[in-house]
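Let me begin by presenting the structure, written as structure tokens, before commenting on it.
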Amino acid sequence: MIVISDTSCIGYLIIIDKLFLLKDNFSEIIIPQIVNKEILQLSTKYDLSKYLHSDWISINTITNSELYYELLKKVDEGESEAIVLSQEIHAGLLLIDERKGTELARSFGIRTIGLLGVLLLSKEQKLIPLVKSILDELIANTTFRITKTLYTNVLKQANEL
């Protein structure tokens, strides 16, 4: 299955040093050029060596600039390129967190999963023992935000409440 990612999922996992979860769950990820550019901007604060030396993340260029500019009216550059790339190469899954971007991708028939879904999948695959500890680390150490209701629901899904 071809998996595309926007910036947020990769970025957050780099910050908490859990990038391996993407490799272990999906084996290969494709990102658009702008997503790579956005991730590289993290280098002023975070160690990107695992990202830079990964042989399982590849970078592709989109070709449908018309669709890209149309999507830019609704979502940011990374999300726009990720959705366009997902369409162009018929991706089986798009890693995206933002609600507006997720809804837009789904309107094109693109399957999506967010970071919370990746954490739940990681526990299901026995890659992590607990979702809660990683979720708490995300909340404490990044700009990742989650409502109390969603937090509780995710922990219930993970059988941790």
Side-chain angles (χ1 to χ4, degrees), residues 1-32 34-51 54 56-57 71-86 91-161:
M1 169 179 20
I2 298 172
V3 180
I4 306 294
S5 183
D6 83 341
T7 308
S8 60
C9 198
I10 293 174
Y12 285 131
L13 291 174
I14 286 171
I15 292 169
I16 64 167
D17 196 26
K18 302 276 189 291
L19 189 59
F20 71 91
L21 293 177
L22 294 181
K23 180 182 182 187
D24 292 352
N25 276 303
F26 306 112
S27 71
E28 184 179 1
I29 304 278
I30 301 170
I31 60 172
I34 194 69
V35 168
N36 182 58
K37 182 180 173 187
E38 290 174 349
I39 291 168
L40 292 177
Q41 290 173 351
L42 295 173
S43 68
T44 59
K45 291 185 178 180
Y46 305 101
D47 177 12
L48 298 186
S49 58
K50 291 177 184 170
Y51 170 77
S54 66
W56 52 275
I57 297 175
L71 296 179
L72 264 183
K73 297 173 185 174
K74 300 174 183 173
V75 293
D76 73 20
E77 293 175 317
E79 294 163 344
S80 296
E81 277 200 5
I83 292 168
V84 171
L85 189 58
S86 294
L93 190 63
L94 171 61
L95 304 176
I96 188 168
D97 273 323
E98 295 76 9
R99 180 178 290 133
K100 203 179 268 190
T102 299
E103 291 170 359
L104 191 55
R106 288 178 179 168
S107 76
F108 285 98
I110 299 167
R111 276 187 49 224
T112 65
I113 187 173
L115 184 52
L116 298 175
V118 170
L119 295 180
L120 289 168
L121 181 61
S122 296
K123 182 172 182 189
E124 183 181 303
Q125 299 295 324
K126 299 187 183 346
L127 300 173
I128 57 173
L130 294 172
V131 168
K132 185 181 186 314
S133 58
I134 296 176
L135 194 49
D136 290 345
E137 185 177 4
L138 279 166
I139 293 165
N141 299 321
T142 73
T143 58
F144 186 83
R145 298 293 166 253
I146 183 172
T147 65
K148 287 184 179 188
T149 303
L150 183 54
Y151 181 89
T152 301
N153 288 341
V154 168
L155 294 183
K156 283 180 183 175
Q157 280 184 269
N159 294 314
E160 294 179 26
L161 271 187

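Because the structure is predicted, anything quoted here is derived from the model rather than measured. Note: hydrogens, waters and symmetry copies are ignored here, and every other heavy atom, side chains too, is used.
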Quick one: does Glu160's side chain have a donor or acceptor within less than 3.5 Å of a partner on Val131's backbone? yes
For the pair Asp6 (side chain) and Ala82 (backbone), establish whether a donor and an acceptor sit closer than 3.5 Å, ignoring hydrogens and angles.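 Checking the backbone N and O of Ala82 against the side chain of Asp6, no donor-acceptor pair under 3.5 Å is found.
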Just jot down the side-chain contact (heavy atoms from CB on, under 4.5 Å) partners of [X], sequence neighbours excluded, or say none.
X      : answer
Gln125 : Asn25, Leu121, Leu127
Phe108 : Leu67, Leu71, Ile83, Gln87, Leu104, Ile110
Leu72  : Tyr68, Tyr69, Glu77, Ser80
Thr147 : Thr149, Leu150

Non-hydrogen side-chain atoms of Leu13 and Phe20 separated by less than 4.5 Å: no
For residues 99-115, which residue pairs qualify under side-chain hydrogen bond (donor to acceptor under 3.5 Å, both in side chains), counting only residues two or more places apart or in two chains? Arg106-Thr112
So how far is it from [X] [atom1] to [Y] [atom2], rounded to the nearest 0.5 Å?
X      : Y      : atom1 : atom2 : result
Phe144 : Ile134 : CZ    : CD1   : 12.0 Å
Cys9   : Ile14  : SG    : CD1   : 10.5 Å
Tyr12  : Leu115 : OH    : CG    : 8.5 Å
Ile2   : Leu94  : CD1   : CG    : 12.5 Å
Leu21  : Asp17  : CG    : CG    : 10.0 Å
Leu116 : Gln157 : CG    : CD    : 9.0 Å

Report the residue from Ile31, Ile15, Leu95 that forms a side chain to side chain contact (heavy atoms under 4.5 Å, CB included) with Ile10.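 One option only clears the test, and that one is Ile31.
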Residues in salt bridge (charged side-chain N to carboxylate O under 4.0 Å, His left out) with [X], at least two apart?
X      : result
Lys23  : none
Glu137 : Lys18
Glu124 : none
Lys126 : none

Name the atoms and distances for all side-chain donor-acceptor pairs under 3.5 Å in residues 36-45, with sequence neighbours left out.
from  : atom 1 : to    : atom 2 : distance (Å)
Asn36 : OD1    : Tyr51 : OH     : 2.4
Glu38 : OE1    : Thr7  : OG1    : 2.3
Ser43 : OG     : Leu40 : O      : 2.9

Suppose we screen for side chain to side chain donor-acceptor pair (under 3.5 Å). Which residues come up paired with Lys132, at least two apart in sequence or across chains?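 Listed in chain order: Asp136, Tyr151.
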Taking all non-hydrogen atoms of both residues into account, name the closest pair between [X] and [Y] and its distance.
X     : Y      : value
Glu79 : Ile96  : CG-CD1, 4.0 Å
Ser5  : Ile29  : CB-CG2, 3.7 Å
Asp97 : Gly114 : OD1-CA, 3.2 Å
Leu93 : Met1   : CB-SD, 3.8 Å

Under 6.0 Å from the NZ atom of Lys123, do we count more than 12 heavy atoms belonging to anything else shown?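 Enclosed: over 12 neighbouring heavy atoms sit under 6.0 Å from NZ of Lys123.
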Decide side chain to side chain contact (heavy atoms under 4.5 Å, CB included) for Leu119 and Leu138; before the verdict, give the C-alpha distance in whole Å, the side-chain angles of both, and the deciding distance to 0.1 Å. CA-CA 11 Å; Leu119 295 180; Leu138 279 166; 4.0 Å; yes
Test of understanding: with ring-ring contact (aromatic ring centres under 6.0 Å, His included), list the residues that count as partners of Phe26, not counting sequence neighbours.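 Partners of Phe26 under the ring-ring contact (aromatic ring centres under 6.0 Å, His included) test: none.
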